[in-house]
Amino acid sequence: MAVRLNGFEMSEEIRKRRLEKLEALRASGVEPFGRKFGGIISIGDMRSREGKAGEKVRTAGRITAIRGHGKTAFMDIQDSSGKIQVYFKEEHLGAGSYALLEHLDIGDIIGVEGSLFTTRAGELTILVDEFSILSKALRPLPEKWHGLKDTELRFRRRYLDLISAKETLATFLVRSRIIKSMRRFLEERSFVEVETPMMQPIAGGAAARPFITHHQALGLDLYLRIAPELYLKRLLVGGMEKVYEINRNFRNEGISSRHNPEFTMLELYQAYADYEDMMELTEELIYALAQELGLGEKFTYDDKEINLARPWKRETFTRLFEKSTGVDIDDEKQVRQKAQELEVPTQGKAHYQLANDIFEAAVAPQLASPTFVLDFPRAISPLTRAKEDAPHLTERFELYLGTLEIANAYTELNDPLEQRERFLEQLKLVEDKEAGWVRELDEDFLLALEHGMPPAGGLGIGIDRLVMVLTGHTSIREVILFPLLRPPSDV
RNA sequence: GGGGGCGUAGCUCAGUCGGUAGAGCAACGGCCUUUUAAGCCGUGGGUCGCGCGUUCGAUUCGCGCCGCCCUCACCA
């Protein structure tokens, strides 16, 4: 559907009619954009108290349907908690007040006061004593039966989607509950919420391409952060032993049903802990969230059975890789050959990067029920402590759920000298030719480490993806209110 | 960036094997005092995503462009 935001839309005729009604209201001394309407109860509350005929109630909401019957009219009004029918009678309201109804439209927001009764058809209804016009709508609502179907319009005009599709509203209410519960869970365990810079002079903590911005007064180019990790670890150095941050990361990469350029992460660090503790914490947290949302232990996501029964499966990266491919992960020749078989692009890829790509292509799609994938190769885990008995591996896990990578965690590397070496290895590995930004060594972070960071476990959870699984959506755009879209063009 | 699909009234959708388009909802006028996807009678509303081309004639065919969706690629 073409969206012409720059030109005027074809609803000009409807808008003109509504402007005339607005003027008519003003002419009869009624302000069409009202003020505070206090003392109301929500429609949901009213419904849960159903049965008290004659009770006086006061509420407000948006008109979603009008059914006129000569000298009476029924309307449906809706707020975020539900919908209720209201009944206007000329006999009851008086001719003057009743006459104002002809200037009301579907989409207007009104406040009503009246008494509850039940119609013959058994519908709880408010017989209106008086009403106020709180906001006159100049544009029509989407079709009352089908609502907004066009995905582009749903994302661009999310407000209309929220009004006309209660499933959309429900998704975002659940998202809010998930984040709230997460905070409560962490507060109960004495984690402290912090906020660290989103504008950073060096984009560190992950490998993605950053967005670049500029500070005028300082004459300074800055990056929108790709991860908060290096700042949160500075806080560990500073003696904050349990910290977390829930906020946006920005990555200047492709967009897909699992990637939005800005996305929300929970990242947390716990001093004196390791990745085993992080596994425990992750499992408890996500299990608790699912139970709180009433999903039970078993549910279906994207036509796949998911079983949350604890304890969750733990399997090493190497074993999953070798079981699925039959290839020795440490044999670079075999890995490259396998990549070609699977048509995984090999160009410019180092040995273990390639192994990781193969893993994502061949193994990840099988991981529907929660699985902790353990012990990633050191070469692709520069911030992670190496395993004592196998120094080419690290104490790191990723949690897969619904075949999505939901969490990434490790035992943090706290040796500043080794950290420097690992950064240098990494810089060698990744030669980024993108104009305008260079991967840099974060000397300030290394300086902090040299003051001593306690051993710690760290965990990142992709909140958007977790919400996807817990609300049954397969596109990340369905769980982000305003996903990034190209601005519509008019030409 | 590659491949595939889609774009018709404010919204949801038909349709035109090339002769400038229809329905339902919404809107407008009328009737109707318990309806609820209210009903009945009547009316208006469209550069058929944008541009170029072929043609007597393009919403329809061709090419280019724009946007969205799916998919592949890119992606510590």
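Proteins get letters first, then strands, A, B, ... in listed order; numbering begins at 1 in each.
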Figure out the [atom1]/[atom2] separation between [X] and [N], and round it to whole Å.
X: A/H146; N: B/rA9; atom1: NE2; atom2: P; result: 16 Å
X: A/R156; N: B/rC68; atom1: CZ; atom2: C1'; result: 7 Å
X: A/H92; N: B/rU34; atom1: NE2; atom2: C1'; result: 14 Å
X: A/K149; N: B/rU12; atom1: NZ; atom2: P; result: 8 Å
X: A/R154; N: B/rC11; atom1: CZ; atom2: C1'; result: 14 Å

Task: Between A/D161 and A/T168, a side-chain donor and acceptor under 3.5 Å - done: yes
Task: Polar contact flag, side-chain donor to acceptor under 3.5 angstrom, A/T346-A/Q340 - done: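 A/T346 vs A/Q340: no donor-acceptor pair found between side chains.
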Open item on the list: Please confirm whether the shortest side-chain N or O distance from A/R486 to OP1 or OP2 of B/rC66 is below 4.0 Å.
Closed with: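 Answer no for this pair, as no side-chain N or O of A/R486 is under 4.0 Å from OP1 or OP2.
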Open item on the list: Is the phosphate of B/rG45 approached by A/R15 (side-chain N or O, under 4.0 Å from OP1 or OP2)?
Closed with: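 For B/rG45, OP1/OP2 do not have a side-chain N/O of A/R15 under 4.0 Å.
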Check nucleotides 29-33 of chain B for protein N or O atoms closer than 3.5 Å to its own N or O atoms and list the pairs.
unit_1 : atom_1 : unit_2 : atom_2 : d
B/rC32 : N3     : A/G70  : N      : 3.2
B/rC32 : N4     : A/G70  : N      : 3.4
B/rU33 : O4     : A/E91  : OE2    : 2.8

Open item on the list: Please enumerate all residues that pass ring pair (Phe, Tyr, Trp, His ring centres under 6.0 Å) together with A/Y352, with sequence neighbours excluded.
Closed with: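 A/Y352 satisfies ring pair (Phe, Tyr, Trp, His ring centres under 6.0 Å) with no other residue.
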Task: Residue list, ring pair (Phe, Tyr, Trp, His ring centres under 6.0 Å) with A/F376, at least two apart or on another chain - done: A/F317
Open item on the list: Centroid separation under 6.0 Å, is that true for the rings of A/F88 and A/F131?
Closed with: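 Yes - the distance between ring centres of A/F131 and A/F88 falls below the 6.0 Å cut-off.
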Open item on the list: Could you check, using the six-membered ring where one of them is a Trp, whether A/Y275 and A/Y410 have ring centers closer than 6.0 angstrom?
Closed with: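 Between A/Y275 and A/Y410, the centre distance exceeds or equals 6.0 Å.
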Tabulated below should be each protein N or O lying under 3.5 Å from an N or O of nucleotides 25-27 of chain B; please produce it.
unit_1 : atom_1 : unit_2 : atom_2 : d
B/rA26 : OP1    : A/K144 : NZ     : 3.2
B/rA27 : O2'    : A/R17  : NH1    : 3.3

Classify the nucleic acid contact of [X] as base, sugar-phosphate or nothing, counting any heavy atom under 4.0 Å across all strands shown.
X: A/F155; result: sugar-phosphate
X: A/R477; result: sugar-phosphate
X: A/L160; result: nothing
X: A/T151; result: sugar-phosphate

At a cut-off of 3.5 Å, list every protein nitrogen or oxygen paired with a nitrogen or oxygen from nucleotides 71-74 of chain B, distance to 0.1 Å.
none

Counting only Watson-Crick or G-U wobble pairs whose two distances fall under 3.5 Å, which nucleotide matches [N]?
N: B/rG7; result: B/rC66
N: B/rG44; result: none
N: B/rU20; result: none
N: B/rG1; result: B/rC72
N: B/rU34; result: none

Open item on the list: Let's test your reading of the model: under 3.5 Å, does the base of B/rU35 pair with the side chain of A/R67 as donor and acceptor?
Closed with: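 Such a pair is found, so the answer is yes.
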- [ ] Using a strict 4.0 Å threshold on nitrogen-to-oxygen distance, state whether A/E12 and A/K16 make a salt bridge.
- [x]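 The answer is no: the pair does not qualify as a salt bridge.
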Open item on the list: I'd like to know if A/R225 pairs up with A/E262 as an ion pair, taking the criterion as any Lys NZ or Arg NE/NH1/NH2 lying under 4.0 Å from an Asp or Glu carboxylate oxygen.
Closed with: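 Not counted as a salt bridge, because no side-chain N and carboxylate O are separated by less than 4.0 Å.
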- [ ] Determine the Euclidean distance between corresponding P atoms of B/rC41 and B/rU8; express it in Å to zero decimal places.
- [x] 30 Å
Open item on the list: I need the full list of salt bridge (Lys or Arg N to Asp or Glu O under 4.0 Å) pairs touching residues 60-71 of chain A, with sequence neighbours left out, sorted by first then second residue.
Closed with: A/R67-A/D76
Task: A/Q337 CD: over 12 foreign heavy atoms closer than 6.0 Å - done: no
Open item on the list: Is the shortest side-chain heavy-atom distance between A/T196 and A/L235 below 4.5 Å?
Closed with: yes
TODO: Please examine the side chains of A/E152 and A/R156, heavy atoms only from C-beta on, and report whether any two atoms are closer than 4.5 Å.
DONE: yes
